[in-house]
There are 2 protein chains.
Amino acid sequence: MGKGEYLGEFEQIVMIALAHLGENAYGMTIRGEIEKRAGRSVSIGAVYATLDRLERKGYVASWLADPTAERGGKAKRYFSLEPAGIIAIQRAREMLTNMWEGLDWDSHMRTL
Amino acid sequence: MGKGEYLGEFEQIVMIALAHLGENAYGMTIRGEIEKRAGRSVSIGAVYATLDRLERKGYVASWLADPTAERGGKAKRYFSLEPAGIIAIQRAREMLTNMWEGLDWDSHMRTL
DNA sequence: GCTATATTTTCTATTTTGTAGAAAAAGGAC
DNA sequence: GTCCTTTTTCTACAAAATAGAAAATATAGC
């Protein structure tokens with residue numbers, strides 16, 4: 001895609017989920033947030049692969065947390081939005097808004 | 001992607017452009033509409049590749065027109081949205097709306 | 001008819017995204 | 001130490017995005 005200039009569909013979804021979760025964003029909660037809001041099941045592998053790509057692009061940051069004493073398990077890796085990521089997701093949103101703007105959608109509804 | 005269950009980012013853009021253009025949607029005008037609204041330059045190859053994919057999925061239909069006497073050139077291939085396409089693009093829009101809904105975006109603006 | 005020119009679509013190749021799911025880590029409980 | 005539980009890693013592959021040169025094909029002029 002040129003050089004990854006624009007956010008893909010799933011990348012957008014992941015970033016918005018991150019924004020909603022705030023301090024509590026890590027693999028499993030991110031996946032849950034997406035399933036809840038988008039009403040769409042996603043594999044955990046898809047979430048991490050996307051998160052890794054987003055991190056490489058400088059849109060999100062991650063760090064390992066100390067293991068909490070909740071009940072065992074590997075340490076969580078938390079994620080947060082980086083300034084560049086916030087700009088990117090805003091841009092993606094605006095672009096879509098501009099695309100939809102002024103559409104006389106009803107004229108297409110006849111076909112339904 | 002499962003089995004192409006969801007629309008990709010550019011697929012959405014192309015379909016919305018199609019909706020705006022109505023009767024006058026063919027390769028070149030679609031590309032122009034995207035550049036105008038999304039403010040993003042796209043190669044003609046990207047447009048057609050996406051249109052072909054969308055047609056294979058049954059989201060858009062296309063047909064060759066008689067060559068108009070405007071000034072030579074190959075016959076135009078017009079495109080239009082199919083009912084299934086309209087449903088798909090609506091769904092994609094709703095999904096994104098649900099993702100954005102209720103986001104306390106300001107709390108993230110601090111970083112900017 | 002031939003040539004130049006304009007318009008639009010095709011084709012080919014490659015990179016980036018999207019996706020799944022099994023395997024690996026690693027801490028707590030007993 | 002062995003067995004759960006939670007979470008991340010890894011591997012492999014399918015689909016989407018993208019570019020741009022090449023091919024088609026019609027009109028105009030001579």
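Naming: A, B, ... by sequence-line order, numbering from 1 per chain. Since we're looking at a predicted model, the values are computed, not measured.
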Check your understanding: Can B:Arg37 and A:Glu101 be said to form a salt bridge (charged side-chain N to carboxylate O under 4.0 Å, His left out), step by step?
Key -> CA-CA 9 Å; B:Arg37 293 187 183 271; A:Glu101 198 161 59; over 6 Å; no
Plane angle bin for B:Tyr26 and B:Tyr78 - parallel if under 30°, tilted between 30 and 60°, otherwise perpendicular: perpendicular
Per atom distances to the B:Lys76 side chain, the nearest of D:dA17, C:dT8, C:dG18 is C:dT8
Taken to the nearest whole Å, NZ/B:Lys57 to P/D:dA14 is 16 Å
Applying salt bridge (charged side-chain N to carboxylate O under 4.0 Å, His left out) to B:Arg77 and not counting sequence neighbours gives B:Asp52, B:Glu55
To the nearest angstrom, the OH-C1' distance between A:Tyr6 and D:dA19 comes to 14 Å
Separation of D:dT7 atom P from A:Tyr78 atom OH, nearest Å, is 9 Å
When you group the ILVMFWY residues by side-chain heavy-atom contacts below 4.5 Å and let the links chain together, are B:Leu103 and B:Met95 in the same group? yes
Which of D:dG20, D:dT7, C:dT19 is nearest the side chain of A:Tyr26? It is D:dT7
Whole-Å distance, B:Ile13 CD1 to C:dT17 P, equals 14 Å
A:Ile30 atom CD1 is separated from D:dT6 atom P, nearest whole Å, by 18 Å
Open item on the list: Does a side-chain N or O of A:Arg40 approach OP1 or OP2 of C:dT19 to a distance below 4.0 Å, or not?
Closed with: yes
Side-chain atoms of A:Ala46 come closest, of D:dT18, D:dA21, C:dT19, to C:dT19
With the side chain defined as heavy atoms from C-beta on, B:Lys74 is closest, among C:dT19, D:dA17, C:dT8, to C:dT8
Heavy-atom nearest nucleotide on DNA chain D taken for A:Asp52 and for B:Thr50; more 5' hit belongs to A:Asp52
If the threshold is 4.0 Å, N to carboxylate O, is there a salt bridge linking B:Arg40 and B:Glu9? yes
Among the nucleotides D:dT9, D:dT18, C:dT19, whichever has the atom closest to the side chain of A:Arg77 is D:dT9
- Message: At less than 4.0 Å, is any side-chain N or O atom of B:Arg31 found next to OP1 or OP2 of C:dT8? Yes or no.
- Response: no
Picking from C:dT10, C:dT19, C:dT8, the nucleotide nearest the side-chain atoms of B:Ile44 would be C:dT10
B:Arg56 atom CZ is separated from C:dT10 atom C1', nearest whole Å, by 13 Å
Comparing A:Gly27 with B:Phe10, nearest DNA chain D nucleotide closer to 5' gives the residue A:Gly27
note: B:Glu35, atom CD; D:dT18, atom C1'; distance rounded to Å ~ 13 Å
task = Tell me what A:Gly45 touches on the nucleic acid: a base, only sugar-phosphate, or nothing, going by heavy atoms under 4.0 Å.
result = base
Whole-Å distance, B:Leu7 CG to D:dA16 C1', equals 11 Å
Against the side chain of B:Ser43, the closest entry in D:dA17, C:dG18, D:dG20 is D:dG20
